[in-house]
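Side-chain atoms are counted along with the backbone in the values below, which use heavy atoms only and exclude waters and symmetry mates. Predicted, not measured: the structure shown is a model, and the values here were computed from it.
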Amino acid sequence: MSARQGLLSCVLVANRGEIARRVFRSAAARGMRTVAVYSDADEHAPFVREADVAVRLPGSAPSETYLRGGLVIAAAQRAGADCVHPGYGFLSESAAFAREVEAAGLVWIGPPAAAIEAMGSKLAAKTLMAEAGVPTARAVDATGLSGEALLEAADGVGYPLLVKASFGGGGRGMRAVGGRDEVIDAVASAQREAASAFGDGTVFLERLITPARHVEVQIFGDTFGSVVALHERECSIQRRHQKVIEEAPSPAVDEALRARLCAAAARAGEAIGYVGAGTVEFLLAPSGEFFFLEVNTRLQVEHPVTEAVTGLDLVDLQFEVAAGRPLPSQAREPELVGAAIEVRLYAEDPQRDWLPQAGMLDGFAFDGVTTFGGVGLQPGGGVVRGVRLDSGVEAGGTIGVAYDPMLAKVIVWAPDRAAASAILASALRQAELSGVVTNRDLLVRILQSPQWLSGDTDTDFLERVGLATLAEPLIGGAQLPAYALAAALGQAALRRAGARVLGGVPSGWRNNPSVPQSVTYAHGFGADEVQVRYSYGRSGLSAFVDGLAMEATVVATEPATGQRVRVTLETDGLRRAYEVHAVSEETPAASGPVARVHVKGPDGAVSLQEVPRFPEPSAQVAPGSLTAAMPGSVVRVMVAEGDVVSAGQALVVLEAMKMEHTLVAPGPGTVASVAVEVGSHVETGGLLAVITLVD
């Protein structure tokens, strides 16, 4: 970090989305001007609009835009910025970029390039930390190893083990290996993913400690030689080795263990002359032993939970240190009050192997959300309960495939962990999130599970508790019929609202018996369907859901803003209100427009896809067809025409959103045809292969 005494006046954030917006908030609070850089894919993103100045980086892929340091620095100079904040991800841990920023006469809001370099290789970092007295686990470099030599190296580490990318993070280039027969494929897959995500395919083998908790310590250093530890966070609940829920403090850490963890983290920072915000990550075994994983030489995605329990603005501290000031007393003696939890809200389907989702975000809103600073400790010692939302998206925006599928971070502070869990689960359940499948229901179920509430968390949480149960939709079974009926009635009311004659009469109402109205929905954008049939007569509403009579009275249908209507139903003497939001679209699968219908009720929300009454024959897919669920590039084809395959056998590997996704045979049979080859780009619904299935 190049320290410059005095005020910094204008910052360019070399990042995008919620990261850029987060840095902008603290910069604006200091009276600084803000500069955004944006790719063509991000031209209409909120962070671009909110910056004082925005500079276009031509292209869409990260390699063409956000990863081109020279373009970013030129943008900073053109916009009059005097400092560059890298955020997290992209170039945030590039020592070369840090040096280029300083060589251009700009202040680097990050650690010294030498510290980044020292921790850039996880292998080299382990050696350095061991010398500094920080507990480490054994690791073996897999570079240049293949065949029997690779297997012998894995045997020496022991099973289970992890294959890990030496450069980069975020779970990419990481594979768990349970036995010898998995090693070669896991190493090859991790190398490909690491090379794609980080530009370096170096991987190493490390013993997998299980069960274990992922516990990390926030450190902060200044240019006067101080390195402090700002307590721990636990980030054990993960999918594909990427964090999903983070909290502070850890329910497994007492005062004695906290002191040991913080001391080890401070030693790690001192060993590399650390300045600025960083994180030292550990694996915590049930015995209380902990082992060094890595140092993240940047601000972390989960930094808000530390801010909530300490009352510190970590981005503001970064600016203070970069301006050449010492850490304030609040950071040198940090408070730890209450409990904070953060969840990462992703556009992905946990029930389909975490498949990332792309498309239009029809609705995106949280009730009672505060801006940054409204959660946790406040200046002067006060505390505020509430929900903090750090997001890079908004309703009406498009979720693309060029970047990570995270939509937002939702953070809650409360006096204790149980209260924080309840507030956060409620905020998620009542949020309006529609248009793409998200992991919202999974997050709510985790926060309400007995295992979470008792603090029984580790890195195997999802597998141990059961992903099938945790990922089950909140609205299903006995709750679904009322939501489906509300959807049908809401759609009808919206259609009638635009009628020129008798617009206030319910759609389908007759003063004589007549043919019922009927609509079929696909539940949750999946294959499960629910059919609603209803009619109005002199005695009121007659309704059937999936053929079963449903006793319900329509109390009111009240138009709301846009294509929304509020439907109040009474069943069994209980009144419940449902907000229905319908979005019509033309689709090649139907001869006319169909609707995505989003229903928000007292128990949560559900999205229903209207099934076309008259499907286009040309849009039908032959049985046994393997199609792409989202756009991507083919990186592996494991079968050829004529091969006999079994159900679940891997056939094709797609890369999308910097992650590999394996597509498998839908059932046993023979490969009739393969429609793609390595390097092919496919769109959503694109044909990959056809399997002649065995009955």
Carboxylate-amine/guanidinium proximity below 4.0 Å for D458 and R464: yes

With sequence neighbours excluded, residues passing ring pair (Phe, Tyr, Trp, His ring centres under 6.0 Å) with F204: none

Among R233, R388, K409, the one residue meeting salt bridge (charged side-chain N to carboxylate O under 4.0 Å, His left out) with E307: R388

Option among E234, E247, E281 that satisfies the salt bridge (charged side-chain N to carboxylate O under 4.0 Å, His left out) test with R213: E234

Sidechain N-carboxylate O distance under 4.0 Å for K600, E432: no

Partner residues of R180 under the side-chain hydrogen bond (donor to acceptor under 3.5 Å, both in side chains) criterion, sequence neighbours left out: E148, D155

Contacts of type ring pair (Phe, Tyr, Trp, His ring centres under 6.0 Å), residue F291, not counting sequence neighbours: none

Pair K126 + E294: basic N to acidic O under 4.0 Å: no

SB check D390 R25 (cutoff 4.0 Å): yes

Salt-bridge criterion met for K243 and E246 (N-O under 4.0 Å): no

Distance in Å, L123 CG paired with K164 NZ, rounded so as to fall on 0.5 Å steps: 9.5 Å

Contact summary for V227 and A266, nearest pair of heavy atoms: CG1-O, 4.0 Å

Between CD on residue E289 and CZ on residue R260, distance to nearest 0.5 Å: 8.5 Å

Side-chain donor-acceptor contact under 3.5 Å, H303 with Q218: no

L462 CG to W354 CH2 distance, which is reported to the nearest 0.5 Å: 5.0 Å

Straight-line distance of M129 CE to M119 CE, nearest 0.5 Å: 4.0 Å

Side-chain ion pair, R192 and E655, N-O less than 4.0 Å: no

